[in-house]
**Q** 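Have a look at the structure that comes next, please.
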Protein chains: 2
Amino acid sequence: MAVTMNDVARVAGVSLKTVSNVINNYEFIRPTTKQRVLDAIDELGYETNLTARSLRSGKTSMLGLVLADLSIPYYAELASDIMKAAWARGYRVLVEQSGNEPYHEKAALQGQFRTLTDGLLFIPLALDAEQIIDAAGKKPLVLLGEFVQDPRLDMVLIQNHRAAAAVTTHLLAGGRRRIAVLGAHDGDTTGSNGLRLEGYRAALADAGVAYDPALVVGCDWRRDGGADATARLLDSGVEFDAVFGLNDALALGALHELLVRGKKVPEEIAVAGFDDIDEARFASPSLTTVAPGRAEIAERAVELLINRIESMDASPQVQQPEAAFEVRVRQSAP
Amino acid sequence: MAVTMNDVARVAGVSLKTVSNVINNYEFIRPTTKQRVLDAIDELGYETNLTARSLRSGKTSMLGLVLADLSIPYYAELASDIMKAAWARGYRVLVEQSGNEPYHEKAALQGQFRTLTDGLLFIPLALDAEQIIDAAGKKPLVLLGEFVQDPRLDMVLIQNHRAAAAVTTHLLAGGRRRIAVLGAHDGDTTGSNGLRLEGYRAALADAGVAYDPALVVGCDWRRDGGADATARLLDSGVEFDAVFGLNDALALGALHELLVRGKKVPEEIAVAGFDDIDEARFASPSLTTVAPGRAEIAERAVELLINRIESMDASPQVQQPEAAFEVRVRQSAP
DNA sequence: CTGTTGGCATACATCGTTGCAGATCAGGCC
DNA sequence: GGCCTGATCTGCAACGATGTATGCCAACAG
């Protein structure tokens, strides 16, 4: 039913392969022939069947992207950047939502899904490095966001530790001494939660402020997690003059809860987050946070992955570039 | 290099076609044979090459989704729902960002991209019905969100008019009489902007409140558009006691600007939006808005599209189901 | 006139599957 | 025994493109 190269060839009066050559910009084609083919393509409305091309060439020109859920703003914004970066290089992106479940993450790493892509960008949340290495096939894989960090894997690093320290230092500079942390448990040292918590502790130590585990509250990295944790903190009677949400969703949830409880932000309690999602600028008060270099992360990750794809053999050396971060000071913690 | 059915067949000691039959759950296979094949698949780590299957079968089991940008929360949340609905039916979703540009929208409708999908979900922003019909190929197409509405096209309808009227009525019931509208120009009657504006006017008329064009401010449907428009409104000296953002981003932008300017919300000025994005619940004050039935829209659209795909010939009748809406009353306009 | 070169076009095999049309074989029935 | 039925398995030809090898012809050198 669809128009094929064969049809075009017949109309143009050339062989099928010549049509293929025209489409692929083969050098040695007489201009007149080329024009005849192009006219035929136009006339018939021919479009190359990418499926067939993929089968023959072994490349799909698609990248897989595995993340928890697009309804989470940080991932959505990152996905948007990634798609633009990939597009600019002639690749499309096939998104797979893992829902943060190990089962789905593993399925995405192994599953048939992989046969549709030339390589995979993966934001691991539930699996650890060992499991990822076990599950991953031989196709190129680049990790993002480093809940996981491992010398055997390509990844683009967020400077969790230093960025978190920078935010904490900013809060300390504002005179805050009792800074609550939302989204980690006392003792976490790995993953984004652990690294950010460590950054926080390092900043405290630098400033000579004591670390109080009572100020550290674990919860889901979502708005309602942040709100709940803040409520618990307030109810517990622990004193604090600032809240550091380990991501913006947590901070925004905290902000909401504080305002509901009649606390003045930032006068009584300052609030800071991590990620600089769009929403942070428009919260009331606007949210102080740290931008982890999202666009740069997307760009680097896509670039790294495509390099791996297009030169499979070369450079077996693992790469782990770091993105630059920047503290964005706004009203919630001036 | 990759393991193929042929390899599996050799190991299992059966024909290639039998392997295929096992994979496709062909009925008449001796259990022992089936087991032998499954064992071989396991042993070799065979995975079906979906590209080859697509070529042979003519189906890709992928749906295209064209929207402006995933960094816009409403689209991201809708995309997430659509992907889940599609997944549940054995389809994947290939997202294409149009950036709200006619050129990109047209490319997405026609381009080679379509050869990778069995059908398309399309949220048109820049093209009108005529252009869409011209550009679209013969593959199934379902429109969402109806900036465009046309009897020749399948689509899932948002009840723009009635939902906007309901929100307006809610504001009126709260005693507001000077309700500013952000995101439409006086006189708009088509598209989401026009339909929502008409709903607003209808509600005013019902309540016997005069319509004042000075209260209607056009702008980009984004947070900063809403903030700017609100600033202009305040500066212009026009009196108003409520703001109705034609989507939540506008309303949140307005909310932000009002608070920055020291206005009390909702005491002095009430704010309401449209979409019920996640963020609305966690704004401070939380945002009154109308939920257009996002999950239902996603579900219906995917269902409709897949029905079209799987029975191309049947039911040439255009379908345009309507999703149920619901006003969500929160603090910004109690 | 023959041999070589280079531009241009073609034929054929092939990528990994699935649809179609048998082939084979055991069991049941007359 | 011959024939039919239905379960089980197989071979061949596609799907629509591209890589490789090669053919053909004009131009040009010897």
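First the proteins, then the strands, lettered A, B, ... as listed; each starts at 1.
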**Q** Between dT17(C) and Ser20(B), is there an OP1 or OP2 to side-chain N/O distance shorter than 4.0 Å?
**A** no
**Q** Between Asn21(B) (CG) and dG16(C) (P), how many Å, whole number?
**A**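 In whole Å, dG16(C) P lies 19 Å from Asn21(B) CG.
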**Q** Pairs of donor and acceptor atoms involving the side chains of residues 32-45 of chain A, under 3.5 Å and at least two apart or interchain, shall be tabulated with distances.
**A**
| from | atom 1 | to | atom 2 | distance (Å) |
| --- | --- | --- | --- | --- |
| Gln35(A) | NE2 | Asp39(A) | OD1 | 3.0 |
| Arg36(A) | NH1 | Ala12(A) | O | 2.8 |

**Q** For residues 6-27 of chain B, pull every pair meeting salt bridge (Lys or Arg N to Asp or Glu O under 4.0 Å), keeping only residues two or more places apart or in separate chains.
**A** Asp7(B)-Arg10(B)
**Q** Grab the CZ-P distance between Arg53(A) and dG16(C) for me, whole Å please.
**A**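 Between P of dG16(C) and CZ of Arg53(A): 18 Å.
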**Q** Does Asn24(B) have a side-chain nitrogen or oxygen under 4.0 Å from the phosphate oxygens OP1 or OP2 of dT18(C)?
**A** yes
**Q** If we ignore hydrogens and angles and just use 3.5 Å, is the side chain of Ser80(A) paired with the main-chain N or O of Ala76(A) as donor and acceptor?
**A** no
**Q** Specify the residue among Lys34(A) and Asn6(B) whose closest nucleotide of DNA chain C lies further upstream toward the 5′ end.
**A** Lys34(A)
**Q** Starting the side chain at C-beta, find the nucleotide from dA17(D), dG16(C), dA9(C) nearest to Ile29(A).
**A** dA9(C)
**Q** Within less than 4.0 Å of OP1 or OP2 of dT8(D), is there a side-chain N or O belonging to Arg30(B)?
**A** no
**Q** Using a heavy-atom cut-off of under 4.0 Å over every strand shown, decide if Leu50(B) touches base, sugar-phosphate, or nothing.
**A** nothing
**Q** Within this structure, what is the CE-to-C1' distance between Met5(B) and dG19(C), rounded to whole angstrom?
**A** 13 Å
**Q** Between atom CZ in Arg114(A) and atom C1' in dG16(C), what is the gap in whole Å?
**A** 19 Å
**Q** Within the pair Ser15(B) and dT10(D), is there a side-chain N or O less than 4.0 Å away from OP1 or OP2?
**A** yes
**Q** Please report the distance, rounded to the nearest Å, between CD1 in Ile41(A) and C1' in dA17(D).
**A** 13 Å
**Q** Quick one: does Lys17(B) reach the base of dG22(C) with a side-chain donor-acceptor pair under 3.5 Å?
**A**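 No pair found.
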**Q** Kindly say whether, by distance alone, the side chain of Arg56(A) makes a donor-acceptor pair under 3.5 Å with the base of dT18(D)?
**A**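 Donor-acceptor pair under 3.5 Å: yes.
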**Q** Grab the NZ-C1' distance between Lys59(A) and dA17(D) for me, whole Å please.
**A** 17 Å
**Q** OP1, OP2 of dC9(D) versus side-chain N and O of Thr33(B): anything below 4.0 Å?
**A** yes
**Q** Rounded off to whole Å, could you give me the CG-to-P distance for the Asn49(A) and dC15(D) pair?
**A** 12 Å
**Q** Select base, sugar-phosphate, or nothing to describe what Thr51(A) touches, counting heavy atoms under 4.0 Å on all strands.
**A** nothing
**Q** Using a cut-off of 4.0 Å on non-hydrogen atoms, how would the nucleic acid contact of Leu55(B) be classed: base, sugar-phosphate, or nothing?
**A**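 Base: the residue Leu55(B), judged by heavy atoms under 4.0 Å, touches a nucleobase.
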**Q** Reckon Ile23(A) touches a base, only the sugar-phosphate, or nothing at all at heavy-atom distances under 4.0 Å?
**A**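 Result for Ile23(A) = nothing.
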**Q** Once you apply a heavy-atom cut-off of 4.0 Å, does Thr18(A) come out as touching a base, just sugar-phosphate, or nothing?
**A**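 Base contact.
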**Q** Apply the test side chain to side chain donor-acceptor pair (under 3.5 Å) to residues Thr51(B) and Ser54(B): give CA-CA distance (whole Å), side-chain angles for both, the deciding distance (0.1 Å), then the verdict.
**A** CA-CA 5 Å; Thr51(B) 302; Ser54(B) 290; over 6 Å; no
**Q** After noting the C-alpha distance and the side-chain angles of Asn6(B) and Thr4(B), does the key distance pass the side chain to side chain donor-acceptor pair (under 3.5 Å) rule?
**A** CA-CA 5 Å; Asn6(B) 232 317; Thr4(B) 76; 5.0 Å; no
**Q** Look at all strands and tell whether Ser54(A) reaches a base, only sugar-phosphate, or nothing, counting heavy atoms closer than 4.0 Å.
**A** nothing
**Q** Under 4.0 Å, heavy atoms only, any strand: does Tyr26(A) hit a base, just the sugar-phosphate, or nothing?
**A** nothing
